[in-house]
Amino acid sequence: MSVKIYHNPRCSKSRQTKALLDERGVSYETVLYLEHPPTTDELEQIVKALGLTSAREMIRKGEDAYTDLGLSAVNDEEALITAMSEHPKLIERPIVVCNARAAIGRPPESVLNILDR
């Protein structure tokens, strides 16, 4: 089982999700995505793994960059994914990826559904 968490240590939900994985004895790779933003290809894979119909569903709409970039008016998936790669604060957090599936840890327990055991 290959597990990766896109983590922001300043986010309580991200810390809670990481703690939940630790409690369950899950081995995982931590990606500090604000320091090492995912590429557009990685983000496209995450959108698919999450089963989303649009990348917009994993964008934090309350971030200044969302307004500053005028993303509410953007309907181009590639542009939305590029914006998240260039402005990683826009990415909803935390995201846990396990093999070809992913879940957003809101609530943290939602990630348990994707873990292969």
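Keep in mind it's a predicted model, so treat the numbers as computed, not measured. One-based numbering along the sequence shown.
Interatomic distance, K13 NZ to E92 CD, rounded to the nearest 0.5 Å: 11.0 Å. Of the inter-residue distances, the one linking E77 atom CD with T82 atom OG1 reads 11.0 Å to the nearest 0.5 angstrom. Once rounded to the nearest 0.5 Å, the distance linking NE2 of H87 with CD1 of I59 reads 11.0 Å. The distance from atom CD of Q45 to atom OG1 of T39, rounded to the nearest 0.5 Å, is 7.5 Å. Atom-to-atom distance recorded for H7:NE2 and L32:CG is 6.5 Å, nearest 0.5 angstrom. Taking OG1 of T67 as the start and NZ of K61 as the end, the distance is 11.5 Å to the nearest 0.5 Å.
Residue E109 places its CD atom among more than 12 non-hydrogen atoms of other residues, nucleotides or ligands, all under 6.0 Å distant.
Considering all non-hydrogen atoms of both residues, S85 and P38 come closest at OG-O, 2.9 Å. Of all non-hydrogen atoms in I5 and S14, the two that sit nearest each other are CD1-O, 4.3 Å. Closest approach of R93 and Y33 over heavy atoms only: CD-OH, 3.0 Å. Residues V74 and A79 approach most closely at CG1-CB, 3.8 Å, considering heavy atoms. For the pair I114 and A103, the tightest heavy-atom approach, listed with the atom from each and the gap, is CD1-N, 3.8 Å. When all heavy atoms of P88 and L34 are compared, the pair lying nearest together is C-CD2, 3.8 Å.
Inter-residue side-chain proximity for I91 and N8 is flagged as unmet; no heavy-atom pair is nearer than 4.5 Å. Here the side chains of P37 and E86 are not in contact, with every heavy-atom distance at 4.5 Å or above. Proximity of L90 to L80: side-chain heavy atoms (C-beta onward) are nowhere separated by under 4.5 Å. Side-chain contact between N75 and R56: present, with at least one pair of heavy atoms (C-beta onward) separated by less than 4.5 Å.
Screening residues 34-51 for salt bridge (Lys or Arg N to Asp or Glu O under 4.0 Å) gives no qualifying pairs among residues at least two apart or on separate chains.
A side-chain donor-acceptor contact under 3.5 Å links S110 to the backbone of I104. Judged purely by atom type and a 3.5 angstrom limit, R101 has no side-chain atom pairing as donor or acceptor with the backbone of L50. No donor-acceptor pair closer than 3.5 Å links the side chain of N99 to the backbone N or O of M1.
A continuous path of ILVMFWY side-chain contacts below 4.5 Å connects M58 to Y66, so both sit in one hydrophobic cluster. Cluster annotation: V111 and V97 are assigned to distinct hydrophobic clusters (Ile/Leu/Val/Met/Phe/Trp/Tyr, side-chain heavy-atom contacts under 4.5 Å, transitive). Under the 4.5 Å side-chain heavy-atom criterion for grouping Ile, Leu, Val, Met, Phe, Trp and Tyr, V31 is connected to I95 within one hydrophobic cluster.
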What verdict does the side chain to side chain contact (heavy atoms under 4.5 Å, CB included) test give for I46 and Y6, after you've listed the backbone C-alpha separation in whole Å, the side-chain angles of each residue and the deciding distance to 0.1 Å?
CA-CA 11 Å; I46 292 169; Y6 289 86; 3.6 Å; yes
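Using modelled atom types, one finds a donor on one side chain and an acceptor on the other under 3.5 Å when comparing T53 with E57.
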